[in-house]
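For reference, the structure is listed below as structure tokens.
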Amino acid sequence: MTQKARKILVTSALPYANGPIHIGHMVEYIQTDIWVRFQKMRGNQCIYVCADDAHGTPIMLRARKEGIEPEALIARVAKEHKADFADFNVGFDNYHSTHSDENRHYASLIYQRNKDQGNISNRTITQAFDPVEEMFLPDRFIKGECPKCGAQDQYGDNCEVCGASYSPNELKNPVSAVSGATPVDRDSEHYFFKLGNFEAMLKEWTRGGHLQDEVANKLGEWFEAGLHEWDISRDAPYFGFEIPDHPGKFFYVWLDAPIGYMASFKNLCDRTADLAFDDFWGRDSSAELYHFIGKDIIYFHALFWPAMLHGADFRTPTAVFSHGFLTVDGQKMSKSRGTFIKARTYLDSLNPEYLRYYFAAKLSSGIEDIDLNLEDFQARVNSDLVGKVVNIASRCAGFIKKRFDGKLADQLDNEALFETFVTGGNHIAECYENREFSKAVREIMALADKANQYIDEKKPWIIAKEENREQELHAVCTMGLNLFRLLIGFLRPILPATAEKSEAFLQVPPLAWQDLDRPLLDHAIAAFKPLMTRIETSQIEAIVAASKEDLEQQGSTTTISDGPLAKDPISETIEYPDFAKVDLRIVKILKAQHVEGAEKLLQLTLDLDGETRNVFAGIKSAYDPEELEGKLTVMVANLAPRKMRFGVSEGMVLAAGPGGKDLYILTPDSGAEPGMRVK
RNA sequence: GGCUAGGUAGCUCAGUUGGUUAGAGCGACGGACUCAUAACCCGUAGGUCGGCGGUUCAAUUCCGCCUCUAGCCA
């Protein structure tokens with residue numbers, strides 16, 4: 001099987017340079033790295049580049065807040081990012097920055113070529129402007145009351161409480177999140193990328209096998225809605241590249257971010273012999289180009305990016321591979337639960353190979369989210385890697401060392417079994433190629449089980465005690481170690497450091513896939529040293545605890561301005577008669593049910609000492625109906641009935657919290673009975 | 001609100017182009033073994049395949065509605 005080596009360029013999405021890498025990010029870099037290492041093991045030319053995404057308003061403001069130049073901020077963050085990736089054994093061939101000469105060059109070139117082709121337009125738009133800071137405000141830097149539900153402290157594009165989407169100028173009492181000033185409208189000329197010019201090209205491209213089916217489905221939505229022009233400019237002050245010939249106007253960060261892939265590759269070309277930029281990016285390039293991304297940024301990579309490239313006479317990607325998000329113990333990563341785990345926090349306690357293995361065991365070619373279940377993580381790594389795989393070497397190595405002077409026999413005990421492994425390897429390779437890592441892992445572990453069964457069947461510890469069976473013992477242990485060698489070869493893309501240690505133990509050069517169909521015979525090996533140790537519960541607890549500490553530290557440095565009281569200050573003072581007008585009563589929740597078609601509401605039937613009330617409460621996101629029934633709570637009993645879309649609501653139950661899952665209804669102390677007044 | 005995905009044993013996941021007893025690993029329980037990092041081997045128990053309705057001789061699998069989880073809506 002002498003296949004011609006493929007030329008492949010691979011990227012992961014560029015991490016944003018205003019914060020640390022966390023384990024959610026690592027899903028993508030680990031997934032990509034495994035695929036790249038596999039390709040390299042297969043003998044292909046595979047180049048993996050990435051960079052920090054260093055531009056934009058958040059970075060400018062963050063630097064300002066820290067009292068440093070943006071360049072200093074991004075230099076510091078780049079150093080941290082590189083260390084995190086290196087320590088997770090992510091083997092970039094180059095890691096660059098979007099704030100680089102190469103990127104400025106390609107951003108300007110792509111802009112200019114598209115402009116020459118008539119793909120850029122300009123017009124004046126009205127935007128919110130902070131008169132104190134003298135800057136235009138991105139939507140997420142404007143806060144105010146939700147125009148639909150009145151919730152406080154909502155961002156300029158949508159409400160976290162009721163889920164409504166709106167434009168920033170609809171917010172009530174808007175304030176700039178930068179200065180606290182009230183924004184004013186101001187006109188500015190902006191430049192737009194005419195995505196509509198590429199409709200035919202994109203329709204063909206998105207259905208042309210370059211995307212996963214579910215992603216192509218999702219994009220159908222955009223085509224139906226019609227392709228809008230994309231605003232690619234921002235006004236000064238902005239940290240980014242000034243648009244050629246338009247002083248004071250800058251490229252929007254999302255324009256030059258994907259161009260960072262090219263810039264990083266160019267940077268590598270410039271210091272590598274025999275690596276030519278055009279071979280990979282020229283319109284007629286025969287090389288393969290793959291982008292690994294999260295499902296949240298499909299839009300940019302599957303529409304704007306191919307269009308920009310096409311419009312600028314560059315090749316388009318061979319494929320864009322999207323993956324899902326990481327949840328921890330079934331929920332979004334949470335700082336308060338200690339599951340918002342930074343890469344560095346993990347590395348302080350645990351071997352990166354564990355997480356690489358666990359992610360691999362969960363990753364498929366689809367875009368489903370994957371869950372890091374901490375208990376399962378520990379059990380699975382200990383059982384699969386330590387108990388099964390590494391143990392195979394451990395249980396054979398001693399005999400070889402003590403009885404055979406560290407030398408393997410010149411033949412295998414069971415060639416058929418060895419062949420089974422080799423054949424299994426073909427399918428495992430297919431799984432890697434198709435990014436079905438969880439399938440690959442399942443098959444590798446099934447083989448590991450077979451290896452342990454084999455050893456158990458042969459019982460070398462019994463043979464060793466009998467006379468005249470030296471040769472048999474030698475062959476069995478040689479067999480065991482050869483099976484181990486294949487397993488490590490198969491796992492090498494996932495566990496590069498463990499593979500390296502194993503290669504040192506076996507005294508062989510780095511394993512390539514093509515080496516795996518022949519056994520290692522008549523060969524001296526080194527003394528066995530434990531390759532990997534078990535995960536202790538205390539190590540996981542340490543990570544969770546440290547992640548909670550991070551939160552506390554953050555809390556103290558950003559002063560005390562983050563609590564509920566700061567977000568929603570105490571209202572103006574009232575007199576007792578005002579309060580007395582509100583008739584609060586204890587009620588029993590007789591019945592709670594979902595309301596068909598309502599996203600936020602539960603319908604409650606409340607018992608008020610014989611009288612029943614029908615109340616709609618916006619607590620669906622926080623409570624299951626079953627858990628409410630039978631509970632006592634507090635209601636405003638004399639609130640005027642209000643007609644809602646789903647019926648008349650006769651009062652209001654009291655609950656605290658910012659919204660979403662964080663809503664807590666009030667419960668009286670035991671002894672209270674329905675109908676009692678609260679005062 | 002619209003859309004794209006997902007909801008299968010205690011946990012993590014396979015699977016079913018609709019068809020007799022729905023699978024694996026881990027965990028639990030029982031046994032065996034001692035070469036090995038209390039690892040490994042053999043066996044047992046565990047599931048109204050998210051809910052309701054429809055199509056069908058037959059649905060976990062197809063269709064509709066509902067519900068929960070995640071993401072996107074330039």
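Keep in mind that the numbers below use all heavy atoms, side chains included, and drop hydrogens, waters and symmetry copies.
- As judged by a 4.0 angstrom heavy-atom cut-off over every strand, A:Gly226 is placed among the base-contacting residues.
- Ring geometry for A:Phe300 against A:Trp254 counts as parallel: the plane angle stays under 30°, on a 0 to 90° scale with 60° as the upper cut.
- Helical stems in RNA chain B, defined as runs of 3 or more consecutive Watson-Crick or G-U wobble pairs with both donor-acceptor distances under 3.5 Å, are listed by first residue as B:1-7 with B:67-73, B:10-13 with B:23-26, B:28-31 with B:41-44, B:50-54 with B:62-66.
- Taking only side-chain atoms of A:Phe325, from C-beta outward, the nucleotide of B:C42, B:C26, B:A70 with the closest atom is B:A70.
- Nucleotides of RNA chain B nearest to A:Ala379 and A:Leu303 differ in position, and the one nearer the 5' end is that of A:Ala379.
- In this structure, the side chain to side chain donor-acceptor pair (under 3.5 Å) partners of A:Arg356, at least two apart in sequence or on a different chain, are A:Asp33.
- Checking B:C35, B:A36, B:C40 against the side-chain heavy atoms of A:Ser394 singles out B:A36 as nearest.
- A close approach under 4.0 Å does occur between a side-chain nitrogen or oxygen of A:Lys620 and OP1 or OP2 of B:U67.
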Donor-acceptor contacts under 3.5 Å from residues 209-216 of chain A side chains, at least two apart:
{"residue": "A:His210", "atom": "ND1", "partner": "A:Thr318", "partner atom": "O", "Å": "2.8"}
{"residue": "A:Gln212", "atom": "OE1", "partner": "A:Ser322", "partner atom": "N", "Å": "2.9"}
{"residue": "A:Gln212", "atom": "NE2", "partner": "A:Ser322", "partner atom": "O", "Å": "2.8"}
{"residue": "A:Gln212", "atom": "NE2", "partner": "A:Ser365", "partner atom": "O", "Å": "2.8"}

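- Using a 4.0 Å heavy-atom criterion, one finds that A:Lys459 contacts no nucleic acid atom at all.
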Where protein sits on nucleotides 3-12 of chain B, one letter per nucleotide: B base, S sugar-phosphate only, - none, heavy atoms under 4.0 Å: BSS-----SS
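- Comparing B:C40, B:U37, B:C41 against the side chain of A:Ser383 picks out B:C40 as the nearest.
- With B:U37, B:A36, B:A70 as the candidates, the nucleotide lying closest to the side chain of A:Val390 is B:U37.
- Less than 4.0 Å separates RNA chain B from at least one heavy atom of each of the following residues of residues 429-451 of chain A: A:Arg442, A:Asp449.
- Looking at heavy-atom distances under 4.0 Å, A:Gly387 makes contact with sugar-phosphate atoms alone, never a base.
- With ring centers used as reference points, A:Phe340 lies under 6.0 Å from A:His22.
- Between A:Phe198 and A:Phe193, the ring centre distance stays below 6.0 Å.
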Side-chain atoms of residues 394-408 of chain A: list all donor-acceptor pairs with protein atoms under 3.5 Å, sequence neighbours left out, distances to 0.1 Å.
{"residue": "A:Arg395", "atom": "NH1", "partner": "A:Asn452", "partner atom": "OD1", "Å": "2.9"}
{"residue": "A:Arg403", "atom": "NH1", "partner": "A:Ala464", "partner atom": "O", "Å": "3.3"}
{"residue": "A:Arg403", "atom": "NH2", "partner": "A:Ala464", "partner atom": "O", "Å": "3.1"}
{"residue": "A:Arg403", "atom": "NH2", "partner": "A:Glu470", "partner atom": "OE2", "Å": "2.7"}

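- Contact check, A:Lys388 against B:G25: no side-chain N or O comes under 4.0 Å of OP1 or OP2.
- In this structure B:G71 sits in the anti conformation; its chi angle is more than 90° from 0.
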